[in-house]
Amino acid sequence: MSSKNNNIDISENLKRSSERTIILNVGGIKYETYASTLTEYPDTLLGTIFQDKNRAMLHPQTGNIYFFDRNGYAFRYIMEFYRTGKLLLSERDKDKVTFVTLDEIEKEIEYFRIPVTEGSDNDEYDDDDLMLDSQSNDKKKNHNNPAPASVLIHKYAGAKVDQFINALEELIYEAMGCFEERIELKFFSNTSDVEAYWKEIEPALKFYYIMKPYGVIGYCILDKFSKEIQLYFESTMQSISFQSIQVIDELTPTGNYGNYYKISINIKDRYDKEDIIIHTRLANYRVS
């Protein structure tokens, strides 16, 4: 961040130091902010509610606390929009305890009237940052027409599915490079099972680390697209056989019973010496 932006942030904080904060109690989870943070986006639900002209209509629980009977966990993404102008999506919360689905986030985006703007395919943004249209005059940028929240959410989810497929392809090629004949991976629905499973297999199977970032989301992706993924690999990589099976209520690495998907990939090629050597520097040095 430039020194100019730092100075602006410091100046804004000094201006707000005399402003009283408000507390949004969303489904029992409390978020503290300034009313001016919300009113910077006047076309959103909260931006409208907390405008000065509407203050008389507000009915706080007590003092400066306002209750909203909504999803308090998903609301953190809404709050980040007000603070940053972006919707910052992640696969799971950093504490690894609280999970929020994309469907839950979409419902809150629509309820709080967060304006989602879908840029062109050439726009560059971080994988985990979905740009939202800012309605304040000083922040307004040139964007395409706002799209429904579901469009951008589904586009993001689709990108995650493609990333998962790309990682599987990388894993297969890495296995081929190590002369492996079989790959077997499990994707558990429970976080503790995921962590216990990777702790168990990682030391022995070094190149499997490629799939570790998908330990949690992998189960969700396979639960929706396992048949399509299997068909994709069987159609595009004829040197392998690909199978995805859902296992229900079986013993897991934590000693409990749970669900998981097992992926089995058999590499049909048996790494014949003559087939390999022609692609190496040894091609002209064959010994009979």
Side-chain angles (χ1 to χ4, degrees), residues 89-92 99 101-103 106 121 127-128 150-191 193-253 257-280 283:
L89 296 182
S90 58
E91 294 168 12
R92 58 177 174 175
F99 291 88
T101 68
L102 292 174
D103 285 340
E106 179 185 336
D121 291 338
D127 286 342
D128 290 338
S150 58
V151 174
L152 199 54
I153 292 292
H154 294 158
K155 185 175 181 180
Y156 175 83
K160 286 296 180 182
V161 173
D162 282 346
Q163 290 169 17
F164 179 76
I165 293 170
N166 291 340
L168 277 173
E169 287 179 336
E170 185 181 351
L171 174 67
I172 292 168
Y173 289 129
E174 190 70 25
M176 289 176 172
C178 295
F179 301 96
E180 296 286 338
E181 296 181 358
R182 181 177 174 82
I183 302 169
E184 188 172 288
L185 271 176
K186 296 177 182 178
F187 294 88
F188 293 87
S189 59
N190 183 280
T191 311
D193 287 325
V194 171
E195 293 174 348
Y197 172 70
W198 279 101
K199 186 177 180 180
E200 177 185 331
I201 72 165
E202 202 168 12
L205 303 169
K206 298 297 184 184
F207 58 85
Y208 276 41
Y209 72 90
I210 295 166
M211 298 307 301
K212 188 175 180 180
Y214 303 92
V216 173
I217 198 174
Y219 181 90
C220 300
I221 291 173
L222 290 169
D223 200 40
K224 292 181 181 295
F225 306 108
S226 60
K227 291 180 180 178
E228 289 81 2
I229 291 173
Q230 180 171 329
L231 180 60
Y232 169 83
F233 278 104
E234 289 178 347
S235 302
T236 60
M237 300 183 74
Q238 297 180 357
S239 60
I240 69 166
S241 64
F242 187 103
Q243 187 177 43
S244 174
I245 300 174
Q246 185 179 25
V247 180
I248 304 291
D249 201 25
E250 287 286 330
L251 196 63
T252 67
Y257 285 87
N259 304 335
Y260 62 89
Y261 274 89
K262 181 172 75 172
I263 287 180
S264 300
I265 302 170
N266 290 310
I267 300 171
K268 299 175 183 177
D269 196 303
R270 291 297 174 255
Y271 304 109
D272 182 78
K273 176 181 176 180
E274 287 302 312
D275 290 336
I276 295 173
I277 200 170
I278 61 174
H279 299 289
T280 72

Just checking, is any N or O donor in the side chain of Y209 or E174 under 3.5 Å from an acceptor N or O on the other one? no

Centres of the Y219 and F187 rings: under 6.0 Å? no

Looking only at heavy atoms, what is the nearest atom pair of A175 and I183, with distance? CB-CD1, 3.5 Å

Determine whether more than 12 heavy atoms belonging to other residues, nucleotides or ligands lie under 6.0 Å from atom NZ of K268. yes

Atom CG in N190, atom CD in E195: separation rounded to 0.5 Å? 9.0 Å

Measure the CD1-CD1 distance between I172 and I267 for me, rounded to the nearest 0.5 Å. 7.5 Å

What I'd like to find out is whether the side chain of I221 reaches to under 4.5 Å of the side chain of I229, using heavy atoms alone. yes

Give the C-alpha distance, both sets of side-chain angles, the deciding distance and a yes or no for side chain to side chain contact (heavy atoms under 4.5 Å, CB included) between Y214 and L185. CA-CA 11 Å; Y214 303 92; L185 271 176; over 6 Å; no

Drop me the distance from M176's CE to I265's CD1, to the nearest 0.5 angstrom. 9.0 Å

Can you tell if the side chain of Y257 reaches within under 4.5 Å of the side chain of L251, non-hydrogen atoms only? yes

Is a donor on one side and an acceptor on the other found under 3.5 Å between the side chain of Y197 and the backbone of K186? yes

To the nearest 0.5 Å, what is the distance between CD1 on I210 and CG on N166? 11.5 Å

Could you tell me which residues satisfy side-chain contact (heavy atoms from CB on, under 4.5 Å) with S244, sequence neighbours excluded, listed by chain and number? L222, S226, Q230, F242, Y261, I263

Test side chain to side chain contact (heavy atoms under 4.5 Å, CB included) on F233 and I240 and set out the steps. CA-CA 8 Å; F233 278 104; I240 69 166; 4.2 Å; yes

T252 side chain near F188 side chain, heavy-atom distance below 4.5 Å: yes

About how many Å separate CD of E169 and OH of Y173, when rounded to the nearest 0.5 Å? 6.0 Å

Any chance you could measure M211, atom CE, to W198, atom CH2, to the nearest 0.5 Å? 7.0 Å

Side-chain donor or acceptor of N266 paired with backbone N/O of R182 under 3.5 Å: no

Test side chain to side chain contact (heavy atoms under 4.5 Å, CB included) applied to S241 and Q243, step by step: CA-CA 7 Å; S241 64; Q243 187 177 43; over 6 Å; no

How about Q238: does its CD atom have over 12 heavy atoms from other parts shown lying under 6.0 Å from it? no

